[in-house]
Amino acid sequence: MLDIKFIRDNADLVKKAAVDKKVTCDVDRLLEVDNQRRQLQTELDSLRTKSREGGQQMGSYRNPKSAWYRKAIESGRTEDDIKAEADKAQQELNDIKQRIKPLEEKEREVLDEFNNLMLTIPQPPAAEVPLGVDDTDNVELRKVGEIPSFDFGLKDHVDLGEQLGIIDIERGVKLAGTRNYALKGDAFLLHQAVLRLAVDLMMERGYTPMQVPVLVREEVMYGTGYFPVGRDQAYLCERDQMSLVGTAEVPLTAFYSEEILEESQLPIKMVAVSPCFRREAGAAGKDTRGLYRIHLFDKVEQVVICPNDEAESIKYHQEILANSEALMQKLELPYRVVNVCTGDLGQGQVQKFDIETWMPSRNSYGETHSASRFYEFQARRLKLRYRDSEGKLRFCHTLNNTVVASPRVLIPLMELNQNADGSINIPPVLRPYMNGKEKIGPANQ
RNA sequence: GGAGAGGUGGCAGAGCGGCUUAAUGCACCGGUUUGCUAAACCGGAGUGCGGGUUCAGACCUGCACCGCGGGUUCGAAUCCCGCCCUCUCCGCCA
């Protein structure tokens with residue numbers, strides 16, 4: 001969410017952001033409603049003042065012990081005089097009340113519309129974000145690692161996994177429908193190994209490991225910017241008005257919502273591993289084979305909450321990107337970093353870097369990480385604030401990035417480490433997490 | 001699922017129709033006193049949204065806010081109704 005004052009002063013910038021980000025919102029209507037809202041408030045404020053003052057005077061009329069009442073009697077007025085005056089004042093107060101009532105109703109309506117419109121306004125992207133329509137317009141920043149060449153025909157992770165008996169998509173689909181799967185034996189262990197390696201790396205780097213709720217109240221989804229835009233991507237538990245999260249970014253970023261932190265507590269660096277639930281609405285027919293696009297996966301996510309300062313934000317954005325790159329290098333996976341274009345940015349994101357990892361079966365780099373910074377967009381919705389060195393309350397800045405998401409990362413891990421006989425070499429860094437095992441082969445099933 | 005208690009400022013905690021501009025304490029900021037610190041004393045401070053003055057830092061001013069939403073009343077933290085949340089005990093349970 002943006003500050004309404006900022007929107008008023010920068011309406012054109014916000015409109016441009018909406019166009020560039022392909023976000024639907026009506027800035028003009030918002031400004032109109034904002035005007036209505038302010039006019040109504042001015043009107044109501046003065047009526048309420050009159051009403052309050054009149055009400056207080058009424059107390060004096062009605063209470064013979066009040067200072068005003070005694071003074072009136074002393075100055076020769078009769079009780080009947082006072083009563084008459086009180087009745088007259090009463091009439092006036094009733095009139096004021098009658099005028100207030102419809103205005104308050106109107107105010108409720110206007111505020112409702114105002115708040116709903118505010119939730120749809122996008123955060124303008126940073127100047128360095130390339131203009132573009134979709135992910136094909138993302139700009140490659142760098143490539144790291146060599147794409148290996150093989151002297152035999154490659155199998156994809158589905159064939160490898162099924163032949164080794166460690167991935168069972170058919171039965172996953174039987175249980176839960178398309179985009180579901182099961183991992184068995186070494187695939188399960190590899191999955192766990194990658195997650196644990198990622199957590200350990202983040203702990204070394206000073207991030208606090210956390211276990212957090214993945215079924216959360218809807219306010220939390222609104223607060224992090226996943227609702228109302230994107231509500232169709234979430235699994236809802238309507239009976240309990242709860243939502244399953246698509247990422248631990250949600251509970252981590254909202255962890256300190258509605259709180260006032262001390263500046264000395266910042267930055268807060270957190271890491272969590274959680275299941276991620278995604279409906280993939282609108283993705284029908286896309287990436288249908290294998291473990292690329294699935295309804296449930298596990299992800300290690302890093303979140304930073306830092307002071308309201310652009311330079312700090314940028315610094316931590318680089319940091320969380322570097323953390324994930326370090327992991328990919330440990331895993332010896334070739335990847336590239338792209339600067340995500342305007343059309344591929346989310347509503348609240350200021351800037352986003354994706355890490356894409358080489359996936360032989362796609363014959364391309366596939367997205368495995370997404371590092372975003374938000375300025376105060378999420379913090380403002382979440383009421384996540386801190387007291388700065390001057391004692392002023394300010395909204396925090398928030399950032400997040402994938403550390404690793406599995407089983408998607410198993411795609412490059414399995415495909416790039418395969419041998420001609422269909423066995424898979426385990427990268428050295430993962431072996432300690434797999435009882436020292438070096439290879440997944442048919443004998444291991 | 002059943003029963004009970006409760007939600008008040010950064011925190012603790014009183015108030016239960018007009019004397020509240022929310023007491024008091026702690027924490028916080030400024031000052032006085034004092035070898036220094038501490039203590040003591042004095043004073044100041046909330047959040048949000050408007051309006052106005054100013055080049056600005058700031059300053060002046062109004063309204064709202066005692067879990068949320070309605071209602072009663074001239075007037076509600078206080079009374080009534082609905083909802084949400086938290087805690088305790090019991091039941092069930094990994």
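A note on names: the letters A, B, ... follow the listed sequences, proteins ahead of strands, and every chain is numbered from 1. Note: hydrogens, waters and symmetry copies are ignored here, and every other heavy atom, side chains too, is used.
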* Given A:Leu197 and A:Val194, is the side chain to side chain contact (heavy atoms under 4.5 Å, CB included) satisfied, shown in steps? -> CA-CA 5 Å; A:Leu197 171 69; A:Val194 173; 5.7 Å; no

May I ask you to decide whether [X] forms a salt bridge with [Y], counting only side-chain N to carboxylate O separations under 4.0 Å?
| X | Y | answer |
| --- | --- | --- |
| A:Asp26 | A:Lys15 | no |
| A:Asp232 | A:Arg279 | no |
| A:Glu92 | A:Lys97 | no |
| A:Lys269 | A:Glu319 | yes |
| A:Glu128 | A:Arg373 | yes |

* Give the C-alpha distance, both sets of side-chain angles, the deciding distance and a yes or no for side chain to side chain contact (heavy atoms under 4.5 Å, CB included) between A:Tyr181 and A:Glu170. => CA-CA 7 Å; A:Tyr181 62 94; A:Glu170 217 173 290; over 6 Å; no

Rounded interatomic separation in angstrom, taking [atom1] from [X] and [atom2] from [N]:
| X | N | atom1 | atom2 | value |
| --- | --- | --- | --- | --- |
| A:Arg217 | B:C83 | CZ | P | 17 Å |
| A:Arg38 | B:C49 | CZ | P | 12 Å |
| A:Arg108 | B:C68 | CZ | C1' | 13 Å |
| A:Ile260 | B:C11 | CD1 | P | 7 Å |
| A:Gln39 | B:C49 | CD | C1' | 15 Å |
| A:Gln41 | B:G62 | CD | P | 14 Å |
| A:Asp45 | B:G51 | CG | P | 10 Å |
| A:Met1 | B:C49 | CE | C1' | 13 Å |

Would you indicate, yes or no, if [N] has its OP1 or OP2 atom less than 4.0 angstrom from a side-chain nitrogen or oxygen of [X]?
| X | N | value |
| --- | --- | --- |
| A:Arg380 | B:G48 | no |
| A:Thr49 | B:C63 | yes |
| A:Arg37 | B:G50 | yes |

Separation between the [atom1] atoms of [N] and [M], rounded to whole Å:
| N | M | atom1 | answer |
| --- | --- | --- | --- |
| B:G9 | B:U24 | C1' | 13 Å |
| B:U32 | B:G50 | P | 40 Å |
| B:C66 | B:U78 | P | 8 Å |
| B:A14 | B:G7 | C1' | 15 Å |
| B:U86 | B:A27 | C1' | 25 Å |
| B:C65 | B:U8 | C1' | 12 Å |
| B:G46 | B:G10 | P | 11 Å |
| B:G67 | B:U47 | C1' | 16 Å |

Of the listed nucleotides [options], the one nearest the side chain of [X]:
| X | options | answer |
| --- | --- | --- |
| A:Arg385 | B:U47, B:G70, B:C49 | B:U47 |
| A:Arg48 | B:G75, B:G50, B:A64 | B:A64 |
| A:Leu393 | B:C74, B:G50, B:U47 | B:U47 |

Taking any strand in view, what nucleotide pairs with [N] in a Watson-Crick or G-U wobble way, both distances under 3.5 Å?
| N | result |
| --- | --- |
| B:A40 | B:U32 |
| B:U78 | none |
| B:U88 | B:A3 |
| B:G17 | none |
| B:A58 | B:U53 |
| B:U47 | B:A64 |

* Asked: How would you label the contact of A:Arg394 with the nucleic acid (heavy atoms, under 4.0 Å): base, sugar-phosphate, or nothing?
  ->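 Since no nucleic acid heavy atom lies under 4.0 Å of A:Arg394, the category is nothing.
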
* With sugar-phosphate meaning primed atoms plus P, OP1 and OP2, does A:Ile96 contact a base, only sugar-phosphate, or nothing at under 4.0 Å between heavy atoms? ->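 If one applies the 4.0 Å heavy-atom cut-off, A:Ile96 turns out to touch nothing in the nucleic acid.
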
* Residue mapping more 5' on RNA chain B - nearest nucleotide basis, A:Arg387 or A:Lys101 ->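 The 5'-side residue here is A:Arg387.
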
* Start at the 5' end of RNA chain B and walk down; is the nucleotide closest to A:Leu93 or to A:Lys50 reached first? ->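 It is A:Lys50, whose closest nucleotide lies nearer the 5' terminus.
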
